[in-house]
Amino acid sequence: MPLRPTSHFTWQVLRTVRRSKKPIDGRALRLVPSRKTKDGSFLTSLVDEGLLAFTTGSAADPFAATYSLTDKGKHAAEYGEYEYELKRPAVPAKSASAKGAKPRS
């Protein structure tokens, strides 16, 4: 599996969760109040990447949920990189007319 480096902000969030003795809520993980962190989508993307896991709550209200690190998240918090799977784009199936076949009459 290839390695992906974490951004500085992501690394800071993961380190904050790592240093916490108990699961931490999403509001405390909004370290920098900016447009990118306004809606909490950065938290759900970290959960989707497999770096964080919901302890309580869900993606419906990311700031009220509490989070803990996964094994992949612990590695990323320590080393600043993590393994990820390559996602291949879906190739649409070609129809008979697109392959060069003559249409039936």
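Residues: numbered from 1 along the sequence shown.
Checked by atom type and distance alone, the side chain of Thr70 pairs as donor or acceptor with a backbone atom of Gly73 at under 3.5 Å. Side chain of Thr37 to main chain of Arg30: no donor-acceptor pair is present (N/O by atom type, distance under 3.5 Å, no hydrogens or angles).
In this view, Pro5 satisfies the side-chain contact (heavy atoms from CB on, under 4.5 Å) rule with no residue, not counting sequence neighbours.
Counting all heavy atoms, side chain and backbone alike, Thr55 lies closest to Ser68 at OG1-OG, 3.3 Å.
Within the 4.5 Å cutoff, no side-chain heavy atoms of Glu83 are placed close to those of Lys72.
Cluster membership check: Leu31 shares its hydrophobic cluster with Val17, using side-chain heavy-atom separations under 4.5 Å among Ile, Leu, Val, Met, Phe, Trp and Tyr.
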Show every donor-acceptor pair shorter than 3.5 Å between a side-chain atom in residues 38-54 and any protein atom, with sequence neighbours excluded, or say none if there are none.
from	atom 1	to	atom 2	distance (Å)
Asp39	OD1	Ser41	N	3.2
Asp39	OD1	Ser41	OG	3.0
Thr44	OG1	Ser41	O	2.9
Ser45	OG	Ser41	O	3.4
Ser45	OG	Phe42	O	2.8
Glu49	OE1	Arg4	NH1	3.4
Glu49	OE1	Tyr82	OH	3.2

Residues 84-92, side-chain donor-acceptor partners within the protein, below 3.5 Å, at least two apart:
none

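Annotation: the span from His75 atom NE2 to Leu3 atom CG amounts to 6.5 Å, rounded to 0.5 Å. Taking CZ of Phe63 as the reference point, atom CG of Asp25 lies at 10.0 Å (rounded to 0.5 Å). We find the CZ-CG distance between Arg27 and Leu29 to be 11.0 Å, quoted to the nearest 0.5 Å.
Counting heavy atoms of neighbouring residues, nucleotides and ligands inside a 6.0 Å radius, atom CZ of Phe9 exceeds 12 of them.
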